[in-house]
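Here's the structure we're looking at; comments come further down.
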Amino acid sequence: MSEALSTADKLFHSATGLDPHIAARHIATATDGADDGELFLEYRESESINLDDGRIRAASFDTRRGFGLRAILGEASYYAHAGDISDEALARAAHTIKSARANEVSATASGPKAASAPLYAGLNPLAEMPFSTRAALLQEIDAFARAADPRVIQVMASIAGEWQVVEIIRADGTRLADLRPLVRLNISVVLEQNGRRESGSHGAGGRTSYAPLIAPAFWQAAVAEAIRQAAVNLASIPAPAGEMPVVLGAGWPGILLHEAIGHGLEGDFNRKQTSAFAGLMGSRIAAPGVTVVDDGTLADRRGSLTIDDEGTPTSRTTLIEDGILTGFIQDRQNARLMNMRPTGNGRRQSYAHAPMPRMTNTIMLAGAATREDMIKSVKRGLYAVNFGGGQVDITSGKFVFSASEAYMIEDGKITAPVKGATLIGNGPDALTKVEMIGNDPELDPGIGTCGKNGQGVPVGVGQPTMKMSGLTIGGTAA
């Protein structure tokens, strides 16, 4: 028996008295004659500590467990959940689902196979050191930031972690489990100079222990990066408005790709014909050279999963290859209805939520151009290094993103930093405007959370430096 299943046994069965064979009978009751279905069991420990202005302002610790029981018939999904993992609660859930199905029947699909090896160590990061040690680290970060630059007037830092144990049981008795650590460190500073105040921030994380984040070399570099961004903003001028070429930086700017393109390639939106990409499989939707993948198999990354929340091993799915649409992000239900294969992207926020197609780590692959060549090729444009918030309309593909760090490009050189720049465009159209793709691919530092239909899940993004022509910039310059 695997370590994951052994731990799941301890947490779910020994602790609750739940017999997996009895659980299988309840699953069979709920899913008898259904297309698909499963029992999702979850145990989660989570904590967060927040420091502001030299003091710990908030701290929390939470432990929860529960189950979600699902049966699927065609496009319908019947779902029941409870925070009580017991024979009685399961029996009630199974009866409710069976009654709601009104005797509809179908042929049950075969279940997923287990992944070959875990992508991350399954140890609980919350158990590796005392809570007080993490609180002391935040105090040390505050003192270090203030000593590093006399302009620092405020420091905000937070550290958060969780340990999630999931087990998926199917009616045929198949059992799949995963042990999922997740940690994150965030640092923000405010600098004041000549009566002007500006902020900067940096964060990082992944499916690891706390050890990489609390190493002095790591968090001190994170402090330096937050101060650097704030200093850049102190020197910024209002951003111009208008249509111009844009060079996107490597790494985190891939969030634009995630929002403007990735959501539109999720299976449910395309099956329901509500995506701007619906019906375009095999068509050119991007400039030559543009290749985009969703890869849930990267070790220790924030968006990675050994198995998704339906038990399917994650995969590296090519969505766009050399500009041609070649794939969608799929869970089991939408893949079956679209006559495609599941890609291991069935994800849910918790046991209280039904899974749906969601991204893992969405990445544009490298090209051959250098960053320097891209900058030199621009007469007047924008170099967008980091992004803050943004939004996209899935049906139309229209997006708006705010740049948290950006610079003017004038006569082939990076000049003044600008503030208040927003990128406005249309996802399908934007991909056709890619002119140069860099040879410097980067992944984001591990800070992404994706929202969809009220559910939030951790994700990753990445891309090389990229030049796009004719994007609309919203600015504040007079």
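As the structure is a prediction and not an experimental result, all values here were calculated from the model.
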Next on the checklist: I'd like to check the side-chain contact (heavy atoms from CB on, under 4.5 Å) partners of Ser86; sequence neighbours left out, ordered by chain and number.
Outcome noted: Asp84, Glu88, Ala89

Checklist entry - Can a donor-acceptor pair be found between the side chains of Asn361 and Ser304 at a distance below 3.5 Å? => result yes

Checklist entry - Applying side-chain hydrogen bond (donor to acceptor under 3.5 Å, both in side chains), which residue pairs with at least one partner in residues 438-448 are found, sequence neighbours left out? => result Asp440-Thr465

Checklist entry - With a 4.5 Å limit on heavy-atom distance, are the side chains of Gln333 and Met356 in contact? => result no

Item to check | Main-chain N/O of Leu126 paired with Tyr210 side-chain donor or acceptor, under 3.5 Å | outcome: no

Checklist entry - Looking at side-chain heavy atoms only, is the closest gap between Leu138 and Ile56 below 4.5 Å? => result yes

Next on the checklist: Closer than 3.5 angstrom, by distance alone: can the side chain of Asn50 be matched with the main-chain N or O of Arg57 as a donor-acceptor pair?
Outcome noted: no

Item to check | Nearest heavy atoms of Thr306 and Tyr120, plus distance in Å | outcome: N-OH, 3.0 Å

Checklist outcome for this item: Heavy-atom nearest pair, Ile72 first then Ser77, reads CG1-OG, 4.2 Å

Next on the checklist: Could you walk me through whether Thr422 and Ile424 satisfy the side chain to side chain contact (heavy atoms under 4.5 Å, CB included) test, starting with their C-alpha distance in whole Å, then the side-chain angles of each, then the deciding distance to 0.1 Å, before giving a yes or no?
Outcome noted: CA-CA 6 Å; Thr422 58; Ile424 304 167; 4.1 Å; yes

Next on the checklist: Test your reading of the model: is there a side-chain donor-acceptor pair from Asn386 to the backbone of Glu405, 3.5 Å cut-off?
Outcome noted: no

Item to check | N/O donor-acceptor pair under 3.5 Å between Thr314 side chain and Gly296 backbone | outcome: yes

Next on the checklist: With rounding to the nearest 0.5 angstrom, report the OG1 to CZ distance, Thr208 to Arg301.
Outcome noted: 10.0 Å

Checklist entry - Is the closest side-chain heavy-atom distance between Val183 and Leu213 below 4.5 Å? => result yes

Item to check | Pro181 versus Leu123, closest heavy-atom pair with distance | outcome: CB-O, 3.8 Å

Checklist entry - Is the side chain of Trp163 donor-acceptor paired with the backbone N or O of Leu182 at a distance under 3.5 Å, no angle test? => result no

Item to check | Leu248 side, atom CG; Met466 side, atom CE - distance, nearest 0.5 Å | outcome: 4.5 Å

Next on the checklist: To the closest 0.5 Å, what do you measure between CG (Asn426) and NZ (Lys433)?
Outcome noted: 8.5 Å

Item to check | Heavy-atom side-chain proximity of Ile320 to Thr291 below 4.5 angstrom | outcome: no

Checklist entry - Is there a donor-acceptor contact under 3.5 Å from the side chain of Arg184 to the main chain of Ile447? => result yes

Item to check | Sequence neighbours excluded - salt bridge (Lys or Arg N to Asp or Glu O under 4.0 Å) pairs with any residue from residues 447-461 | outcome: Glu266-Lys452, Asp268-Lys452

Item to check | salt bridge (charged side-chain N to carboxylate O under 4.0 Å, His left out) between Asp331 and Arg336, intermediate numbers included | outcome: CA-CA 9 Å; Asp331 63 354; Arg336 185 180 65 258; over 6 Å; no

Checklist entry - Do Arg65 and Glu42 sit within salt-bridge range, that is, some charged N less than 4.0 Å from a carboxylate O? => result no

Checklist entry - Is there a salt bridge (charged side-chain N to carboxylate O under 4.0 Å, His left out) between Glu310 and Arg70 once you walk through the steps? => result CA-CA 10 Å; Glu310 298 177 307; Arg70 182 176 64 150; 2.7 Å; yes

Checklist entry - Under a 4.5 Å cut-off applied to non-hydrogen side-chain atoms, are Arg180 and Leu305 in contact? => result yes

Checklist entry - Tell me the salt bridge (Lys or Arg N to Asp or Glu O under 4.0 Å) pairs involving residues 340-362, sequence neighbours left out? => result Glu38-Arg348

Checklist entry - Between the side chains of Thr29 and His26, does any donor sit under 3.5 Å from an acceptor? => result no

Item to check | side chain to side chain contact (heavy atoms under 4.5 Å, CB included) between Glu75 and Arg271, intermediate numbers included | outcome: CA-CA 10 Å; Glu75 297 187 11; Arg271 177 177 64 81; 3.2 Å; yes

Item to check | Exercise: do Thr326 and Thr318 side chains pair donor with acceptor under 3.5 Å | outcome: no

Checklist entry - Can you find a pair of side-chain heavy atoms, one from Val246 and one from Leu423, that are under 4.5 Å apart? => result yes

Item to check | Note: Asp87-Arg25 ion pair, threshold 4.0 Å (strictly below) | outcome: no

Checklist entry - Are Thr63 and Arg44 side-chain neighbours, meaning at least one heavy-atom pair lies under 4.5 Å? => result no

Next on the checklist: Main chain of Val457, side chain of Gln349: is a donor-acceptor contact present, judged purely on distance under 3.5 Å?
Outcome noted: no

Item to check | Criterion side chain to side chain contact (heavy atoms under 4.5 Å, CB included) on Glu47 and Glu162, from CA distance to verdict | outcome: CA-CA 6 Å; Glu47 70 171 13; Glu162 70 174 44; over 6 Å; no

Item to check | Residue pair Thr343, Ser315: steps toward the side-chain hydrogen bond (donor to acceptor under 3.5 Å, both in side chains) verdict | outcome: CA-CA 6 Å; Thr343 58; Ser315 62; 5.2 Å; no

Next on the checklist: For a 4.5 angstrom cut-off between non-hydrogen side-chain atoms, does Val190 reach Met156?
Outcome noted: yes

Checklist outcome for this item: Heavy-atom nearest pair, Thr31 first then Asp36, reads CG2-O, 4.4 Å

Checklist entry - Could you give all pairs that pass the side-chain hydrogen bond (donor to acceptor under 3.5 Å, both in side chains) test and reach residues 121-132, with sequence neighbours left out? => result Glu45-Asn124

Checklist entry - Stepwise, does the side chain to side chain contact (heavy atoms under 4.5 Å, CB included) test hold for Val290 with Val292? => result CA-CA 7 Å; Val290 173; Val292 178; 4.0 Å; yes

Checklist entry - Is there a donor-acceptor pair under 3.5 Å between the side chain of Ser99 and the backbone N or O of His95? => result yes

Next on the checklist: Pairing donors with acceptors under 3.5 angstrom, does anything connect the side chains of Gln154 and Asp52?
Outcome noted: yes

Checklist entry - Can you check whether Arg170's main-chain N or O pairs, donor with acceptor, with Thr174's side chain at less than 3.5 Å? => result no

Next on the checklist: Working to the nearest 0.5 angstrom, can you tell me the gap between Leu265 CG and Ser275 OG?
Outcome noted: 6.5 Å

Checklist entry - Can you name the closest pair of heavy atoms from Leu319 and Leu325 and give their distance? => result O-CD1, 3.4 Å

Item to check | Gap separating the CZ atom of Phe328 from the CZ atom of Phe277, nearest 0.5 angstrom | outcome: 9.0 Å

Checklist entry - Out of curiosity, Ile261 CD1 to Leu256 CG, how far, rounded to the nearest 0.5 Å? => result 7.5 Å

Checklist entry - Has the side chain of Thr362 got a donor or acceptor atom that lies under 3.5 Å from a matching backbone atom of Val461? => result no

Checklist entry - Would His263 and His258 count as a ring-ring contact (aromatic ring centres under 6.0 Å, His included) if you check the C-alpha gap in whole Å, the side-chain angles of each, and the deciding distance to 0.1 Å? => result CA-CA 7 Å; His263 279 298; His258 168 103; 5.1 Å; yes

Item to check | Shortest non-hydrogen contact between Leu39 and Ala23, atoms and distance | outcome: CD2-CB, 4.1 Å

Checklist entry - Do the side-chain N and O atoms of Asn345 and Asp294 include a donor-acceptor pair separated by under 3.5 angstrom? => result yes

Next on the checklist: Under the salt bridge (Lys or Arg N to Asp or Glu O under 4.0 Å) definition, can you give me all pairs with a residue in residues 201-214, not counting sequence neighbours?
Outcome noted: none

